[in-house]
Amino acid sequence: MKRKEIWIILAIFTCSQASPEAPLSRQRRVIGGQEVPEGEQPWLVWLHGKIVTQRLFGFIPIRHKDVYCGGSLINRRWVLTAAHCFDGGREARDVDAWEVLLAATDNKGPPIAPVTLPESRDSAFPVVGSTCVVTGWGCTKAGGGISRFARSIELPIKPSSECNSTYQPTSMYGRLCAGFTAEAVGRGICQGDSGGPLMCRDISGRWSQAGIASFTSRYRPERFPAVFTRVSDYVDWIRLKTRL
């Protein structure tokens, strides 16, 4: 179902290019985990973009690419996702190119509810060592296709230094590091998970969106931690743009 009345808010994507010495290629893309029961995450959103890449005579579409991303509903009109899902110029930002799927809105389906955002600038949330949950429709193995059903996995929050040494970004400001470093674990985010929510328990025990799936290792995503945009650093900006 296409919901044109829902606007898409682009989370600020702060990833700069990795330095030439970066040991791994980065992939903006759940491996392992389990299917999400219906209604368990009523804020979850699936985004599908059919982006025109070539036009005949400048106006007849003859080629396109499919882009899949996750997102979270923050109110009746806005979806929180990753800005890089819309890389590709004017065509990628055309609302008619995107399909937005939500939970059912009738009595036969589970209710839709907005996600809870964290406190603004709360650098202590989430706590390093705590376990959070990321959900998406991404591939279930490196190089595979997207999943038919939303899947979730638990990921431990790691010190920023682990992702910094792995990917060597310019800065880890505004980012979170979460995931595993053991090959035997076999869990992580994958292609198609970009923009999906990283949910953590706050001090009151309530689920709150701590992160937005950003990128991981291209070839070995199950062996390395992933990088997420830290939502608390952008709560003020989100409220300003959406008037929440």
Side-chain angles (χ1 to χ4, degrees), residues 6-15 28-48 68-86 100-103 110-120 122 125-127 130-138 146-147 149-157 174-179 187-202 205-216 221 225-235 237-239 242 244:
I6 295 178
W7 300 353
I8 297 173
I9 182 172
L10 308 183
I12 296 177
F13 184 52
T14 57
C15 289
R28 299 166 185 174
R29 13 185 227 199
V30 164
I31 294 177
Q34 58 189 5
E35 290 183 11
V36 178
E38 187 176 20
E40 185 176 275
Q41 296 196 34
W43 49 78
L44 200 59
V45 175
W46 179 79
L47 300 170
H48 171 218
Y68 301 94
C69 281
S72 53
L73 192 69
I74 56 176
N75 66 14
R76 293 180 61 186
R77 297 185 64 83
W78 292 92
V79 170
L80 185 62
T81 187
H84 67 254
C85 293
F86 304 88
V100 183
L101 299 182
L102 308 174
I112 295 172
V115 73
T116 298
L117 297 178
E119 294 294 325
S120 176
D122 185 357
F125 175 77
V127 176
S130 63
T131 299
C132 299
V133 176
V134 63
T135 306
W137 285 266
I146 65 168
S147 173
F149 304 99
R151 302 179 69 86
S152 66
I153 53 172
E154 294 184 341
L155 297 179
I157 301 299
R175 299 169 177 163
L176 292 170
C177 185
R187 283 181 283 173
I189 64 171
C190 194
Q191 183 177 7
D193 291 323
S194 287
L198 178 70
M199 305 298 298
C200 307
R201 297 277 190 182
D202 62 19
R206 179 182 57 178
W207 286 108
S208 181
Q209 184 171 352
I212 301 167
S214 184
F215 66 87
T216 187
V227 176
F228 297 79
T229 298
R230 184 188 289 271
V231 174
S232 63
D233 284 351
Y234 300 101
V235 167
W237 179 81
I238 291 170
R239 297 191 186 285
T242 63
L244 284 174

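For this chain, numbers begin at 1 and follow the sequence in order.
- Of the inter-residue distances, the one linking L80 atom CG with Y234 atom OH reads 11.5 Å to the nearest 0.5 angstrom.
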Decide side-chain contact (heavy atoms from CB on, under 4.5 Å) for V100 and L47; before the verdict, give the C-alpha distance in whole Å, the side-chain angles of both, and the deciding distance to 0.1 Å.
-> CA-CA 5 Å; V100 183; L47 300 170; 3.7 Å; yes

Check the pair L73, I112 against side-chain contact (heavy atoms from CB on, under 4.5 Å), reporting the backbone distance first and the verdict last.
-> CA-CA 9 Å; L73 192 69; I112 295 172; 3.2 Å; yes

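- Annotation: the span from S130 atom OG to E154 atom CD amounts to 11.0 Å, rounded to 0.5 Å.
- When atom types are taken as modelled, the side chain of S208 and the backbone of C200 share no donor-acceptor pair closer than 3.5 angstrom.
- Between D202 atom CG and D122 atom CG the span is 9.0 Å, to the nearest 0.5 Å.
- Interatomic distance, CG of L176 versus CD1 of I212, reported as 10.0 Å (0.5 Å rounding).
- Between T81 and F86 the shortest side-chain heavy-atom distance falls below 4.5 Å.
- A heavy-atom distance below 4.5 Å is found between the side chains of C132 and I157.
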Which is it for W43 and M199 under the side-chain contact (heavy atoms from CB on, under 4.5 Å) test, yes or no, and what are the steps along the way?
-> CA-CA 11 Å; W43 49 78; M199 305 298 298; 3.7 Å; yes

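- In this structure P114 satisfies the side chain to side chain contact (heavy atoms under 4.5 Å, CB included) test with no other residue, sequence neighbours excluded.
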Could you check C69 against H84 for side-chain contact (heavy atoms from CB on, under 4.5 Å), going step by step and ending with a plain yes or no?
-> CA-CA 10 Å; C69 281; H84 67 254; 5.6 Å; no

